[in-house]
Structures are given as C-alpha cells and as structure tokens.
Amino acid sequence: MNFLQSLAQHFAGKPIDWEELEESLIRADLGVPMTMRIIKTLQDREAWSVMGINDVVKVVREEIARILPANPAPIQPLPGQPKVILLLGVNGTGKTTSTAKLARYLQQQPVRSASRTDRYAVLLAAADTFRAAAIEQLGIWAERLGVEMVRGQYNSDPAALCYEAYQAATKRGVQFLLCDTAGRMHTKTNLMAELQKVKRTLGKQDPSAPHETLLVVDATTGGNGLSQAREFQSAIGLTGLIVTKLDGSGKGGIVVAIQDELGIPTRFVGTGEQLEAFAPFDRQVYLDNLL
C-alpha cells in the first residue's frame, strides 16, 4: 500500500485532523516546507468548501507535480572528449551497482551520428580504492557489460586514478567515463575534502570536468537523504540524483524534499537488483506510484 492509499484509508469518513495530517506528510519524507505549503493550501480551501480526503490527495498531487520537473535533462556525450560522470554517496546506497546500471543504460542509447553504427563506449574507473570488495564488484560488472575498467592498487589515491582514467578515456575515444567513488559519510570533512581533490584533479584535464556529479540516495533512508544531499551539494555541487530502492519504499517522498529545498533533480531511479531495473526519472510514473 502506498503513502496516500494509507492516508486515504486512515482519514476516510473523518473530519481532517490537521496535526495528524501534517505528521503523516512529514513521515512520507516530503519535507517540512512542502508539508506546510500543502497544509496552508488545504486550510485556505476549507474556508469555502467541505474538505474530504479526495481533496487532500488532489492538492498533494498538484503541489508535488508543480515542484518536480517534467523531464530530467538527458545525459548526452560531448564532441571529441569523454563526458565524466562522478558517482557519490554514503555506504550502502547501491552506488557501485548504480554505476554499472548507468553504464548499461548509456551503452544502449542511440548513437546520434551518421558515421557511427555501434554503441557508445563507456569506461569505468574503480575510484573506491579503499574497499577491495568494491573494486572486485565493479570489475565483475565491467566484465558482464563488456566494458573496460581502470583500477589501481588497494588504498591508492582515487584522484590520481581518476586522472589516469581520463587520459585512458581520451586515448581510446570513449564517450563516457564513470568514476565510482568510495562511499563516505556526509559528515566526515576529510572524506569530503578527498572528493574535492578528485574534482580539482579532473579539472586539470578539462576545466569543466566532472560534467555530472550524481548522488546515489536510498529512498528508504527518509530525511537523512536530504541531509546527505545538503552536505554533498555544499562540498562538491550536484547535478542530479540516482534514487535507489524505490521498489522497497512506499514513500519515496525524499525525491520531492530534495528538489524542493535544493533544486537538485532526480535523474534516474533504481527499482531492483537487476541491471535492467534502472530508468530515467519519470514524473508521471513517480506520481502514480506515490499517490
């Protein structure tokens, strides 16, 4: 049962208890600013109409649709140089698997050139050098996908590895370089400084690199996902989210809260462990599932 089905069932046939409704909306991870706007809109309408749960559902849907962009910006290749995509996140969000899923997705996009008939070339960089299991995991995905991977020694400098990977991508004419960085707590300033070093090092090769910085967020973590997004945005700047485990959460309201407060759009969603369980964010599908 999704969030508003639960809400409708709970409030059906009852006068609206504003405090209880506010608590329910906040528990759905919509964030305090969005929740207060919804409550205010409903209270303004109540002055001239009889309010029921169907009105609540309608207003919530309208407010969320107003906040979320209709279509996320697609990831397009750059002419004559690799597009660098940095994947960030805390431990346990599914970052390495999301890196592999994104690689597969990019491979399958139509090549917009009359001179090419094959797939886009993708290179993976195992920049999570502090966890041997992450390097091995990404290596297994790379083999399954049929893509090359740049790896370094265990505990080696991730910034240097990303630098090397960029050089390799340039030499090989690769369109997309995906750098899987180490999972890190957003509250650890030394680890965030390491990410800034990766960004500066890539910038020595191309001042505009990395071209995308995607934060992988677990939909089931609730409001903690918003805290993560704030810190990563402040430290390195984000161009979008990959939201995982939307299949395991009846809420997923964190998508709305992060867009509302920080203006960071959700670019992709993961809904399972399989490689194909990954797609660009679709507002209509999201609303239908949430509401």
Side-chain angles (χ1 to χ4, degrees), residues 75-78 80-91 93-107 120-143 145 147-186 188-216 228 231-242 267-268:
I75 293 182
Q76 302 285 7
L78 297 172
Q81 65 184 102
K83 171 164 275 192
V84 183
I85 303 171
L86 213 56
L87 287 101
L88 323 167
V90 303
N91 292 312
T93 58
K95 183 174 45 57
T96 299
T97 302
S98 294
T99 302
K101 289 180 177 180
L102 179 58
R104 177 182 181 272
Y105 170 81
L106 293 171
Q107 280 183 315
Y120 284 124
V122 178
L123 180 66
L124 300 179
D128 184 353
T129 61
F130 306 115
R131 200 164 59 93
I135 300 172
E136 294 307 314
Q137 181 187 4
L138 194 63
I140 291 169
W141 284 124
E143 188 174 338
L145 291 166
V147 302
E148 294 187 70
M149 184 180 91
V150 175
R151 70 172 76 200
Q153 295 296 319
Y154 177 60
N155 272 339
S156 60
D157 181 7
L161 184 131
C162 289
Y163 187 93
E164 177 188 338
Y166 186 94
Q167 290 181 320
T170 302
K171 289 177 183 176
R172 298 170 194 175
V174 167
Q175 284 80 38
F176 296 103
L177 170 61
L178 274 58
C179 301
D180 178 31
T181 64
R184 65 201 68 227
M185 289 304 296
H186 54 290
K188 300 292 185 181
T189 54
N190 60 321
L191 295 178
M192 299 304 270
E194 180 186 87
L195 271 183
Q196 292 167 343
K197 180 183 176 184
V198 170
K199 183 176 181 178
R200 288 195 307 271
T201 302
L202 285 166
K204 293 176 183 177
Q205 300 269 12
D206 174 0
S208 61
H211 308 99
E212 299 279 359
T213 48
L214 302 179
L215 178 67
V216 182
Q228 294 166 21
E231 295 302 322
F232 279 97
Q233 172 79 329
S234 174
I236 196 169
L238 299 172
T239 61
L241 304 178
I242 296 176
R267 305 283 289 280
F268 297 93

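None of the values given here were measured: they were computed from a predicted structure.
At least one side-chain heavy atom of P82 sits under 4.5 Å from a side-chain heavy atom of T170. K95 has its side chain out of reach of I242: every pair of non-hydrogen atoms, C-beta onward, lies at least 4.5 Å apart. At least one side-chain heavy atom of L138 sits less than 4.5 Å from a side-chain heavy atom of T99. Side-chain contact between T213 and L195 is absent, with no heavy atoms from C-beta onward closer than 4.5 Å. In this structure, T201 and Y163 have side chains that are in contact, with non-hydrogen atoms separated by less than 4.5 Å. Contact check for Y166 versus Q81: side-chain heavy atoms found under the 4.5 Å cut-off. Two residues are said to be in side-chain contact when any heavy atoms from C-beta on lie closer than 4.5 Å; L106 and I85 meet this criterion. Residues V90 and F232 form a side-chain contact, since some pair of their non-hydrogen atoms from C-beta on lies under 4.5 Å apart.
Atom CD1 of I75 is separated from atom OH of Y105 by 7.5 Å, given to the nearest 0.5 angstrom. Atom CD1 of I236 sits about 7.5 Å away from atom CE of M192, to the nearest 0.5 Å. If you take CG on L241 and OG on S98, they are separated by 11.5 Å, rounding to the nearest 0.5 Å. Taken from CD in Q107 to CZ in R104, the straight-line distance is 8.5 Å, to the nearest 0.5 Å. For the atom pair CD of Q233 and CG of L238, the computed distance is 5.0 Å after rounding to the nearest 0.5 Å. The CD atom of E194 sits 8.0 Å away from the NZ atom of K197 when rounded to the nearest 0.5 Å.
Distance alone, capped at 3.5 Å, places no donor-acceptor pair between the T97 side chain and the G94 backbone. With T129 contributing its side chain and S156 its backbone, the two residues share a donor-acceptor pair below 3.5 Å. Distance alone, capped at 3.5 Å, places no donor-acceptor pair between the T96 side chain and the A134 backbone. T181 places a side-chain N or O within donor-acceptor distance of the main-chain N or O of L87, the cut-off being under 3.5 Å.
Considering only residues two or more places apart in sequence or on other chains, R267 meets the salt bridge (Lys or Arg N to Asp or Glu O under 4.0 Å) condition with E212. Remark: K204 engages no residue in a side-chain hydrogen bond (donor to acceptor under 3.5 Å, both in side chains) (not counting sequence neighbours).
Closest of all the heavy-atom pairs between L202 and C162 is CD2-O, 3.7 Å. The two residues L178 and A103 make their nearest non-hydrogen contact at CD2-N, 3.6 Å. Residue Y154 comes nearest to R131 through the heavy atom pair CE1-N, 3.9 Å, listed as atom of the first residue, atom of the second, then distance. When all heavy atoms of V122 and V147 are compared, the pair lying nearest together is O-CB, 3.5 Å. A pairwise comparison of heavy atoms in L123 and A165 identifies CD2-O, 3.5 Å as the closest pair. Shown here for F130 and A182, the closest heavy-atom pair between the two residues is CD1-CB, 4.2 Å.
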Test M149 against I135 for side chain to side chain contact (heavy atoms under 4.5 Å, CB included), laying out the working first.
-> CA-CA 10 Å; M149 184 180 91; I135 300 172; 4.3 Å; yes
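Among residues at least two apart or in separate chains, salt bridge (Lys or Arg N to Asp or Glu O under 4.0 Å) pairs with a member in residues 147-156 are E136-R151, E148-R172.
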